[in-house]
Protein chains: 2
Amino acid sequence: MISLQCLRLLQGGQSLSRADMARALGVTRATIGHAVAELATAGLVLETPTPTPERIGRPGVALRLNPQGALFMGVEIDTRAVSAVLLDLTMRVIARKVDPVGDTFHDPKAMVPRILSAAQSLAAHTDPARLAGLGVAVPGLVGRHGQVVNAPLLGWRNFALQEALQDAAPATWQIDVCNDAFAFASAERAADLEPSSLLMVLLAEGVGSAYLDEGRMISGAHGFAGELGHMIVSVHGKSGALETMAGAAGFPAAMRPGWSVAQGVADVLATANTPETLAALDLWAEALAIGLANATHLLDPSRIVLGGPLSVLYPAVADAVTQRLSALMLQGHAAPSLHLARYGGEGAAIGAAARLRARIFALPDLGKSPSATPFPTAPVVPNRANPASRALRQRTTS
Amino acid sequence: MISLQCLRLLQGGQSLSRADMARALGVTRATIGHAVAELATAGLVLETPTPTPERIGRPGVALRLNPQGALFMGVEIDTRAVSAVLLDLTMRVIARKVDPVGDTFHDPKAMVPRILSAAQSLAAHTDPARLAGLGVAVPGLVGRHGQVVNAPLLGWRNFALQEALQDAAPATWQIDVCNDAFAFASAERAADLEPSSLLMVLLAEGVGSAYLDEGRMISGAHGFAGELGHMIVSVHGKSGALETMAGAAGFPAAMRPGWSVAQGVADVLATANTPETLAALDLWAEALAIGLANATHLLDPSRIVLGGPLSVLYPAVADAVTQRLSALMLQGHAAPSLHLARYGGEGAAIGAAARLRARIFALPDLGKSPSATPFPTAPVVPNRANPASRALRQRTTS
DNA sequence: TGGAATTTGTTTACGAATGATACGAATTCC
DNA sequence: GGAATTCGTATCATTCGTAAACAAATTCCA
């Protein structure tokens with residue numbers, strides 16, 4: 001129990017000594033000693049070559065996450081490719097693979113082996129015992145059990161993707177299928193040091209979102225929360241779903257028939273000074289500001305993070321959006337800060353993997369009765385009959 | 001730790017035997033025996049006169065919450081009165097007091113003693129040692145620390161009400177100041193047996209809301225979440241904040257100058273068949289449906305509960321609202337069910353008290369290090385040197 | 001009517017986790 | 001080089017929960 005708390009202290013990449021942890025958790029150093037020994041034999045933490053002594057007294061031994069302690073695969077599915085990444089415990093991408101799909105994306109059943117083969121080729125880079133599992137991000141409505149309820153872009157309806165993957169994948173892999181905005185938000189969350197109230201807005205063909213309240217994902221009763229794109233807004237007298245105005249599919253002037261999102265965005269940037277484009281951007285800014293204001297009044301995030309292909313247009317309208325957003329805010333209601341996402345095109349795939357990573361740090365749900373350990377705690381280096389307290393000491397004793 | 005879990009099992013008013021609890025929590029009966037003895041000496045649970053033997057074998061002893069185990073006061077503040085209720089552990093109102101305020105409500109500082117005197121007169125009904133504290137519901141923006149940031153109806157700005165009450169109230173009282181919609185939602189939540197994803201919408205002069213995701217209140221970064229009334233919507237070409245269309249202050253045709261909400265509502269009901277009123281109700285239904293659809297796409301509640309004075313008009317438009325709401329829902333997105341609130345005019349006061357009650361059942365926040373017990377566990381009947389296991393047995397041994 | 005079967009609640013012995021305390025180790029200060 | 005300080009560990013006591021056994025209260029059935 002305490003060992004999990006210790007692990008959580010290292011979650012953000014910090015280096016702490018045992019004594020630091022003891023102070024942070026309000027327990028004795030002895031207790032931390034046991035917990036760390038446990039984590040070390042499980043291969044989840046490492047001692048680092050002691051950074052800076054500085055203070056008087058015996059310097060502590062810095063502990064950090066073992067990057068190789070656990071590995072996670074993340075896959076993003078869209079109409080062009082299956083993009084997969086392999087993530088280590090410190091959130092570093094250590095391998096990637098993009099597998100273009102032709103027209104096969106229409107058939108979810110046919111995509112299952114494609115997803116798994118992309119994953120398998122990443123899995124080859126690492127020790128299978130350390131591989132926690134596979135996360136998949138899908139653009140569309142995904143239920144609590146990873147079933148794709150409706151993914152209009154892909155043309156999928158009611159397909160139990162998580163179940164299908166679970167059946168076909170190695171039994172040791174954990175499988176998690178989720179909405180792409182949820183995944184993207186998880187990536188941002190994992191990179192945060194402290195939990196915050198964060199609204200992730202994914203600007204792609206549609207407009208998706210995910211809200212993390214104090215670091216906790218708000219998924220709703222069915223897992224469908226965050227459909228910001230379907231909010232009805234009215235811009236310059238025209239009323240309709242936000243994503244018909246702020247999403248790529250409805251971006252005025254930019255999205256010519258047959259163009260990809262990237263082409264449209266490139267064209268907008270190339271013609272950024274023409275009156276036509278300026279007007280279109282202004283309309284976009286207006287729609288965005290109203291949508292974000294509505295979401296802010298309902299959710300009160302401290303930060304809004306914009307991601308997705310269209311978000312590269314945001315700097316062009318940043319001033320207009322923030323200004324209108326502030327103007328729309330209720331008296332006393334603080335306008336959240338607006339940023340671009342930390343991760344770019346790979347964000348959803350990284351986030352899908354990050355969701356699995358988060359399980360390792362997740363507090364047990366005290367609501368339920370019995371729960372298995374989130375990760376098999378097999379030692380990286382099998383040591384015979386060690387009293388656990390000697391598990392680290394290689395560096396010190398050598 | 002286990003004793004809290006036992007308490008939580010009884011939260012909804014259920015009667016369970018020790019063996020039932022052991023099965024539910026996946027622990028041995030011995031463990032439950034200890035935990036229950038602890039709860040019994042703390043005066044939080046009681047044995048009941050054994051309801052129904054039924055099954056073969058020795059019948060279990062039914063346990064339930066001791067209604068007198070803890071008492072909570074809740075106060076609602078509006079422009080007409082300070083309304084206070086005294087709630088027991090089983091959510092029953094055991095005393096009430098309405099203290100009309102004249103024009104003094106404008107001065108928050110002057111309201112502090114009025115709130116406390118109303119509370120004191122309720123506190124006289126009960127044992128001070130069993131009185132957990134006082135919850136206060138305020139119509140307006142309330143920050144995380146119970147400071148009223150902006151309450152337009154009352155004309156309050158930036159007043160640290162919780163702090164002021166804490167200073168003036170008896171030191172043993174816990175004080176909690178929150179938004180009225182949050183309070184109302186807490187009342188509904190407490191009456192639920194299972195945690196659900198519930199959107200509470202409070203239809204008063206303004207339109208407030210509160211969302212509970214799987215039973216957990218979503219309060220936002222500053223505690224300002226739920227300002228549904230400030231969502232910009234467009235109804236029949238007219239665009240503006242939802243509460244100017246669906247709130248009493250902006251209810252067309254009904255709210256004549258100088259009328260109270262109650263008068264306006266009565267007038268609407270009296271003239272429900274005139275074309276004018278029908279048109280007004282239709283507009284109201286339309287605005288409500290759009291607001292609820294927007295909120296549903298963002299939050300995905302399984303239930304929406306309507307409360308507040310205006311909610312009595314809802315049955316007149318129920319069909320229109322549910323129909324339009326369904327029509328606006330995204331393909332695959334389930335429309336939530338719509339209900340009227342369980343509690344009427346006292347809902348906010350009851351909810352303010354229920355928030356304190358919820359603390360007794362709250363799981364400890366594993367994020368923080370040291371936490372005091374949420375409730376002083378002084379025995380109701382001081383028994384000398386009892387080995388705790390004999391604490392109940394009165395009924396059995398007599 | 002009286003045992004057999006069954007379920008409940010408690011008791012006793014034991015194991016695991018954590019705190020308290022003491023001690024050796026590693027470093028700075030002087 | 002010694003005093004001061006901090007770190008990590010070892011040892012013992014305490015607390016919490018389990019396992020197993022047992023007494024109690026009831027139904028079933030001859």
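We use all heavy atoms of the structure for the numbers below, so side chains are in, but hydrogens, waters and symmetry mates are not. To find a chain, count down the sequence lines: A is the first, B the second, and so on, and within it residues start at 1.
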Can you pull every protein N or O that's under 3.5 Å from an N or O on nucleotides 14-19 of chain C?
unit_1	atom_1	unit_2	atom_2	d
dG19(C)	OP2	Thr31(A)	OG1	2.6

### Query
Thr90(A) versus Asn66(A): any side-chain heavy-atom pair under 4.5 Å?
no
Q | Residue Arg144(B) excluded, over 12 heavy atoms near CZ under 6.0 Å | A | yes
**Study point:** Lys/Arg N to Asp/Glu carboxylate O, Arg189(B) vs Glu194(B), below 4.0 Å
**Key:** no
Gln14(A) (side chain) donor-acceptor with Gly12(A) (main chain) under 3.5 angstrom: yes
Residue set satisfying side chain to side chain donor-acceptor pair (under 3.5 Å) with Asp20(B), at least two apart, ordered chain then number -> Ser17(B), Arg23(B)
To the nearest angstrom, the CZ-P distance between Arg29(B) and dA24(D) comes to 15 Å
Notebook entry, point to check: Would you say the side-chain atoms of Arg357(A) pair up with the backbone N or O of Leu89(A), donor to acceptor, closer than 3.5 Å?
Noted result: yes
Ile32(B) atom CD1 is separated from dT18(D) atom P, nearest whole Å, by 8 Å
Whole-Å distance, Arg18(A) CZ to dA10(D) C1', equals 14 Å
Self-check item: Check: Glu38(B) main-chain N/O paired with Ser3(B) side-chain donor or acceptor under 3.5 Å
Solution: no
* Donor-acceptor pair, side chain of Asp192(B) and main chain of Pro195(B), under 3.5 angstrom -> no
Its contact letters, B for base, S for sugar-phosphate only and - for none at protein heavy atoms under 4.0 Å, make nucleotides 2-7 of chain C read ----BB
